[in-house]
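This report concerns only the one structure given below.
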Amino acid sequence: AEPNAWRDRFAAVPLADKSGTWRAYYFQDIAIERALEAIAAGRTRILLTLATGTGKTVLAFQIAWKLFQVSWNLSGQPTRRPRILFLADRNNLADQAYGKFAEFAAFEEAALVRIKPGEVRHRGRVPKNGAVFFTIFQTFMSGCDKDGKPAPYFGDYPPDFFDFIVIDECHRGGANDEGTWHAIMEYFKPAV
């Protein structure tokens with residue numbers, strides 16, 4: 001194998017095991033390893049295809065966990081922790097990943113941010129102080145500018161704000177070039 005510093009850093013971080021109560025199945029280990037190998041090789045688009053009930057959200061968490069622990073980010077240098085976006089098409093999928101007893105609960109509470117349209121309207125801006133952000137396509141596509149004209153909330157972030165984006169159930173419109181929500185992926189094109 002050719003030397004690769006990121007691959008070595010990823011391998012040095014153990015999977016989060018919820019205090020010994022969670023253990024990866026062989027196919028989950030393979031999926032996590034292959035996704036991280038693709039990231040270490042510089043690939044920017046990765047698709048994991050698994051059946052319902054095989055733990056896709058847990059896999060997304062484990063990949064995000066390793067990226068976070070080694071301070072992987074788009075700069076290529078471990079100088080800061082990554083900003084990760086978990087994007088779903090339904091609130092229950094975003095809530096399944098976010099929360100006190102959810103998969104991503106191993107992260108510090110201050111690192112987790114749930115983006116909701118009511119809170120963005122109330123504060124007048126999108127949240128930027130976090131590391132792992134959770135929202136749904138519909139929230140990111142909503143919003144108005146100061147004149148009341150449609151201006152999607154995702155445009156309030158710089159295009160290179162997120163280093164890594166997880167699209168849960170991407171076949172529902174997130175990855176489809178003709179999909180309603182593809183503009184989000186085009187906007188955040190630098191992200192893996």
Side-chain angles (χ1 to χ4, degrees), residues 1-18 31-48 56-88 94-95 97-100 102-116 119-120 123-137 139-140 143 152-168 170 174-175 183-192:
E2 293 181 25
N4 185 302
W6 284 118
R7 187 187 63 225
D8 295 343
R9 287 181 186 119
F10 296 149
V13 176
L15 296 175
D17 65 1
K18 293 188 177 183
I32 294 164
E33 184 178 320
R34 291 208 178 136
L36 291 169
E37 283 175 7
I39 292 168
R43 291 192 32 217
T44 58
R45 296 296 178 258
I46 303 162
L47 177 65
L48 298 179
K56 291 181 292 293
T57 305
V58 170
L59 296 178
F61 159 72
Q62 293 291 355
I63 294 164
W65 180 256
K66 286 193 174 224
L67 296 176
F68 192 78
Q69 297 305 314
V70 301
S71 296
W72 173 90
N73 61 71
L74 288 176
S75 76
Q77 300 298 319
T79 54
R80 68 166 173 81
R81 296 232 163 124
R83 286 185 294 263
I84 299 166
L85 174 63
F86 187 92
L87 192 55
D95 291 340
Y98 173 83
K100 195 174 199 176
E103 278 85 352
F104 284 79
F107 284 95
E108 296 175 16
E109 190 174 336
L112 303 176
V113 178
R114 181 70 162 92
I115 304 170
K116 294 184 177 180
E119 292 173 13
V120 173
R123 291 189 175 127
R125 64 187 183 284
V126 295
K128 294 182 180 175
N129 58 339
V132 185
F133 298 77
F134 300 83
T135 195
I136 59 173
F137 288 108
T139 294
F140 254 20
Y153 287 133
F154 71 83
D156 292 348
Y157 292 97
D160 62 350
F161 185 81
F162 296 107
D163 299 288
F164 186 71
I165 299 175
V166 173
I167 304 175
D168 195 3
C170 71
I184 296 169
M185 296 312 300
E186 283 300 311
Y187 182 78
F188 294 118
K189 195 169 188 141
V192 172

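By convention here, the first residue in the shown sequence is residue 1.
Annotation: side chain of Val120 is in contact with side chain of Pro127 (closest heavy-atom distance under 4.5 Å). Side-chain contact between Phe154 and Thr135: absent, with no pair of heavy atoms (C-beta onward) separated by less than 4.5 Å. Residues Val192 and Asp163 fail the side-chain proximity criterion, which asks for heavy atoms closer than 4.5 Å.
Note that the CG atom of Leu67 and the CZ atom of Arg83 stand 14.0 Å from one another [nearest 0.5 Å]. Residue Phe188 holds its CZ atom at 8.5 Å from CZ of Phe161, rounded to the nearest 0.5 Å. Taken to the nearest 0.5 Å, the CZ atom of Arg125 stands 11.0 Å off from the CG atom of Asp156. With rounding to the nearest 0.5 angstrom, the CD1 atom of Ile63 is 6.0 Å from the CD1 atom of Ile32. A distance of 7.5 Å separates OG1 in Thr57 from CZ in Phe104, rounded to the nearest 0.5 Å. In this structure, the separation between CZ on Phe68 and CZ on Phe61 is 10.5 Å, given to the nearest 0.5 Å.
The six-membered or imidazole ring of Phe140 lies away from that of Tyr153, with a centre-to-centre distance of 6.0 Å or more.
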key: Pair Lys66-Ile39, side chain to side chain contact (heavy atoms under 4.5 Å, CB included): steps then yes or no   = CA-CA 11 Å; Lys66 286 193 174 224; Ile39 292 168; over 6 Å; no
request  = Apply side chain to side chain contact (heavy atoms under 4.5 Å, CB included) to Val126 and Ile115, showing your working.
outcome  = CA-CA 8 Å; Val126 295; Ile115 304 170; 5.5 Å; no
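The minimum heavy-atom distance linking Ala40 with Trp6 is given by the pair CB-CB, 4.0 Å. Taking every heavy atom of both residues into account, Ala41 and Asn4 meet most closely at N-ND2, 4.3 Å. Nearest heavy-atom pair across Pro159 and Pro190 is O-CD, 3.7 Å. Looking at every heavy atom in both residues, Arg45 comes nearest to Met185 through NH2-O, 4.3 Å.
The residue from Phe162, Phe86, Phe107 that alone fulfils the ring-ring contact (aromatic ring centres under 6.0 Å, His included) condition with Phe133 is Phe162.
Atom CZ of Arg123 sits in a sparse spot, with 12 or fewer heavy atoms from other residues, nucleotides or ligands closer than 6.0 Å. Annotation: Arg80, atom CZ; neighbour count of heavy atoms from other residues, nucleotides and ligands within 6.0 Å is above 12. For Glu108, the CD atom sits in a loose shell: 12 or fewer heavy atoms of surrounding residues, nucleotides or ligands are nearer than 6.0 Å.
In this structure a side-chain-to-backbone donor-acceptor pair under 3.5 Å is present from Tyr187 to Tyr157. Although no hydrogens or angles enter the test, the distance criterion places a donor-acceptor pair under 3.5 Å between the side chain of Arg7 and the main chain of Glu2. Side-chain atoms of Asn73 come within 3.5 Å of backbone atoms of Ser71 as a donor-acceptor pair (strictly under, hydrogens ignored).
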